[in-house]
Amino acid sequence: MEDIFPTQGKLIAYVDGSYNPDLHKYAFGCVLISSDKEVVERSGSGSSEDCAAIRNVAGEMLGAMYAARYACVKGYQELEIRYDYEGIEKWVTGAWKAKKELTQKYAAYMKSRQQYIQIFFTKVRAHSGNQYNDRADALAKAALLEPDGVPEI
């Protein structure tokens with residue numbers, strides 16, 4: 001088994017999103033792993049009409065933004081976001097043009113966090129048996145059944 005714990009001052013965040021068309025609701029799951037071997041799980045959801053229009057992508061972005069905020073508040077110097085949806089990285093790096101207002105806001109937020117913390121991105125395959133990615137996915141799905149909201153840091 002790979003050593004999943006990051007070096008001192010670095011946080012790893014597995015993020016995933018989900019969407020329920022019957023509820024018109026999106027959600028995120030986030031598994032945060034620190035160098036002191038602490039594993040923190042967070043999730044949240046929303047149902048705003050403009051965000052629900054982009055389905056699970058809204059949850060994916062919300063999870064990455066939550067991870068960036070968490071890392072900044074907790075004083076980390078580096079954040080590695082492990083994701084399975086390419087836009088999470090490519091809108092921030094400019095490899096994809098953020099054409100929609102929400103993707104533009106997401107990219108701007110993530111770039112603004114880079115003033116305080118180095119953010120790296122690593123693509124992982126979805127539903128491939130990766131323990132933490134699968135857990136982030138399960139957290140996102142479960143959050144669809146919870147009241148709307150994002151947890152405090």
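Transitive grouping of hydrophobic side chains (ILVMFWY, heavy atoms separated by less than 4.5 Å) keeps Y70 and L139 in distinct clusters. In the hydrophobic clustering of ILVMFWY residues, with side-chain heavy atoms under 4.5 Å counting as a link, Y83 and V39 come out apart. Cluster membership for V31 and F121, using ILVMFWY side-chain heavy atoms within less than 4.5 angstrom, is not shared. Both V73 and V15 belong to a single network of hydrophobic side chains, linked directly or stepwise wherever heavy atoms of I, L, V, M, F, W or Y lie under 4.5 Å apart.
Between the CD1 atom in I117 and the CZ atom in F120 there is a gap of 9.5 Å [rounded to 0.5 Å]. Between atom CG of residue N130 and atom CG of residue D84 there is a gap of 9.5 Å, rounded to the nearest 0.5 Å. The distance from atom CD1 of I119 to atom SG of C72, rounded to the nearest 0.5 Å, is 6.5 Å.
Among residue pairs with one or both ends in residues 133-142, those qualifying as salt bridge (Lys or Arg N to Asp or Glu O under 4.0 Å) are E41-R135, D137-K141; sequence neighbours excluded. Screening residues 94-111 for side chain to side chain donor-acceptor pair (under 3.5 Å), with sequence neighbours left out, gives E101-K105. Counting only residues at least two apart or on different chains, no ring-ring contact (aromatic ring centres under 6.0 Å, His included) pair has a member in residues 34-57. Among residue pairs with one or both ends in residues 17-31, those qualifying as salt bridge (Lys or Arg N to Asp or Glu O under 4.0 Å) are K25-D148; sequence neighbours excluded. Residues in residues 56-76 take part in no salt bridge (Lys or Arg N to Asp or Glu O under 4.0 Å) pair, two or more places apart or across chains.
Partners of R55 according to the side chain to side chain contact (heavy atoms under 4.5 Å, CB included) rule, which considers only residues two or more places apart in sequence or in another chain, are Y19, P21. Applying the side chain to side chain contact (heavy atoms under 4.5 Å, CB included) criterion to E146, with sequence neighbours excluded, gives no partner residue. Take A27 and apply the side chain to side chain contact (heavy atoms under 4.5 Å, CB included) test, not counting sequence neighbours, and it matches S45, A143, L144. Residues forming a salt bridge (Lys or Arg N to Asp or Glu O under 4.0 Å) with E89 (at least two apart in sequence, or on another chain): none. Not counting sequence neighbours, the partners of V57 by the side chain to side chain contact (heavy atoms under 4.5 Å, CB included) test are I54, M61, Y85, W91. Checked against ring-ring contact (aromatic ring centres under 6.0 Å, His included), F28 has the following partners two or more places apart in sequence or in another chain: Y66. Residues that satisfy the salt bridge (Lys or Arg N to Asp or Glu O under 4.0 Å) test with E78, not counting sequence neighbours, are absent from this structure.
Here the shortest heavy-atom pairing between S48 and Y26 reads OG-OH, 3.3 Å. Between A126 and N133, the shortest heavy-atom contact is CA-ND2, 3.8 Å. Residue A58 comes nearest to C51 through the heavy atom pair CB-O, 3.4 Å, listed as atom of the first residue, atom of the second, then distance.
Looking at K90, its side chain never comes within 3.5 Å of a backbone N or O of A95 through a donor-acceptor pair.
The shortest distance between side-chain heavy atoms of L102 and D50 falls below 4.5 Å. When side chains are defined from C-beta on, P151 counts as touching R42, because their heavy atoms get closer than 4.5 Å. Between I81 and I88, the closest side-chain pair of non-hydrogen atoms falls below 4.5 Å. By the 4.5 Å heavy-atom criterion applied to side chains, Y76 and S34 are counted as neighbours. Using a 4.5 Å heavy-atom threshold, the side chains of M110 and M65 count as touching. No side-chain heavy atom of L32 sits less than 4.5 Å from a side-chain heavy atom of I12.
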(request) Go through K123 and E86 one step at a time and tell me if the salt bridge (charged side-chain N to carboxylate O under 4.0 Å, His left out) criterion holds. (result) CA-CA 7 Å; K123 173 103 168 73; E86 286 183 273; 5.9 Å; no

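The neighbour count for Q115 CD, taken as heavy atoms of other residues, nucleotides or ligands under 6.0 Å away, is above 12.
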